[in-house]
Amino acid sequence: MAAWLTVASGVHQRRYDPFDISIVAIEGDDGLLVVDTRVEPGEGEALLADLGARFAQPVRWVVNTHAHFDHTFGNQVFGPGTPTNAAIYGHANIARHFDDFEGPRLAAWRADPRREPDRHWGEVRLTPPTHPLVRAITLDLGGRIVELRPQPEAHTDTDVVVFLPAERVWIVGDLVEESGPVMYGSGSFPLGWPDVLDALVAEMRADDVVVPGHGRVVDREFVADQAGELRLVAERFRAAHADGLTTEQALAAHDDWPIPVAGLAGAAERAFARLDGESAGEH
Ligand SMILES: [Zn+2]
């Protein structure tokens, strides 16, 4: 992958393997804001070194787009007790998501190191945000304004969109993916997700820059298309649930899913559990 790609004035994306993950560095007069921290502490260290080689400012702020491991497991390199000692911003639900999903995931990996021998899961210290967000806030980086906007339930219940109103840049984490199909992942909300994207699309302009969690920079039209795919999946889940189908029957009922069907089993379970809860609530 190439090094830093400048996507707008003072805003730079770098795509890191593994997972073609988007890291974004935003320059302010008072310091650097970094979006997401890679997959494990060693990768976080490498990121910190890359930032130091490219930018004059110290890292003062970190933002997690959501809780998933490939976006947060480098946090400990930047957070409390480190020389960097940056403020880590993220959704207030991240700590609970760590308890429910990333913690157990880590425990399972550690229990069977042969599964991923190249990984260093033993070094990971789950590091939730030092500044948990319950509502949108604005950060002034010095000559540059950044909005941090917690989102309703979508890819997870920890999604935060980073928006630069002057530069018209949206950094959206895994709400949008370009280099592979949309991933529902752990703790997803398949029914609400398309609404969240549609609300963002309604605010976007045609030439706005959108940085996805994985892949190259895209635009409003790309986001609208992905919202349409997610909406089709959600509508089919609702219809199948209303017809009394099982999740397996729901997935087997169509051979033209917009997302590979192998990635939909977990999403169907999540959607049906939510719909079961809604119908139980009616009585
Ligand atoms: Zn994710």
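Here the structure is a predicted model, which means the values were calculated and not measured.
Scanning all heavy atoms of the two residues, the minimum distance from Ala87 to His131 falls at CB-CE1, 3.5 Å. Nearest heavy atom pair, residue Ile145 against residue Pro165, reads O-CD, 3.6 Å. The two atoms that bring Phe101 and Gly187 nearest to each other are CZ-CA, 3.6 Å, heavy atoms only. In this structure, Ala67 and Thr72 approach most closely via the heavy-atom pair O-OG1, 3.0 Å.
Between Asp112 and Arg114 a salt bridge is recorded (basic side-chain N to carboxylate O distance below 4.0 Å). With salt bridges taken as basic N to acidic carboxylate O contacts below 4.0 Å, none links Glu153 and Arg270.
Using a distance-only test at 3.5 Å, with no hydrogens or angles considered, a donor-acceptor pair links the side chain of Gln76 to the main chain of Glu123.
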Decide side-chain contact (heavy atoms from CB on, under 4.5 Å) for Ile171 and Val63; before the verdict, give the C-alpha distance in whole Å, the side-chain angles of both, and the deciding distance to 0.1 Å.
-> CA-CA 10 Å; Ile171 302 159; Val63 180; over 6 Å; no
Would you sort out whether Val196 and Asp159 count as a side-chain contact (heavy atoms from CB on, under 4.5 Å), showing the intermediate values?
-> CA-CA 10 Å; Val196 171; Asp159 301 310; over 6 Å; no
Working for side-chain contact (heavy atoms from CB on, under 4.5 Å), residues Tyr89 and Leu33 = CA-CA 10 Å; Tyr89 288 84; Leu33 183 152; over 6 Å; no
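With hydrogens and angles left out, the side-chain atoms of His12 and Glu27 include a donor and acceptor closer than 3.5 Å. In summary, the side chains of His241 and Asp276 do present a donor paired with an acceptor at a separation below 3.5 Å, with no hydrogens or angles considered. With no hydrogens or angles considered, a side-chain donor-acceptor pair links Thr37 and Asn75 at under 3.5 Å. A donor-acceptor contact under 3.5 angstrom links the side chains of Asp174 and His214, judged on distance only. Of the N and O atoms on the side chains of Asp36 and Thr65, at least one donor lies less than 3.5 Å from an acceptor on the other residue.
Taking the side chain as every heavy atom from C-beta outward, Val211 and Val172 never approach each other to under 4.5 Å. Residues Ile26 and Trp61 form no side-chain contact, since every pair of their non-hydrogen atoms from C-beta on lies 4.5 Å or further apart. Residues Glu43 and Pro18 meet the side-chain proximity criterion, which asks for heavy atoms closer than 4.5 Å.
The number of heavy atoms from other shown groups lying within 6.0 Å of CG (Asp255) does not exceed 12. Atom CD of Gln249 has more than 12 neighbouring heavy atoms from other residues, nucleotides or ligands inside a 6.0 Å radius. For Met204, the CE atom is densely surrounded, since the number of other residues' heavy atoms within 6.0 Å is greater than 12.
Cluster partners of Ile94 are Phe19, Val39, Phe69, Phe73, Phe98, Leu106, Trp109, Trp121, Val124, Leu126, counting Ile, Leu, Val, Met, Phe, Trp and Tyr whose side-chain heavy atoms approach within less than 4.5 Å, directly or via other members.
Listed by first then second residue, pairs satisfying side chain to side chain donor-acceptor pair (under 3.5 Å) with a partner in residues 180-199 read His68-Ser186, Arg105-Ser186, Asp195-Arg231, Asp198-Arg231, not counting sequence neighbours.
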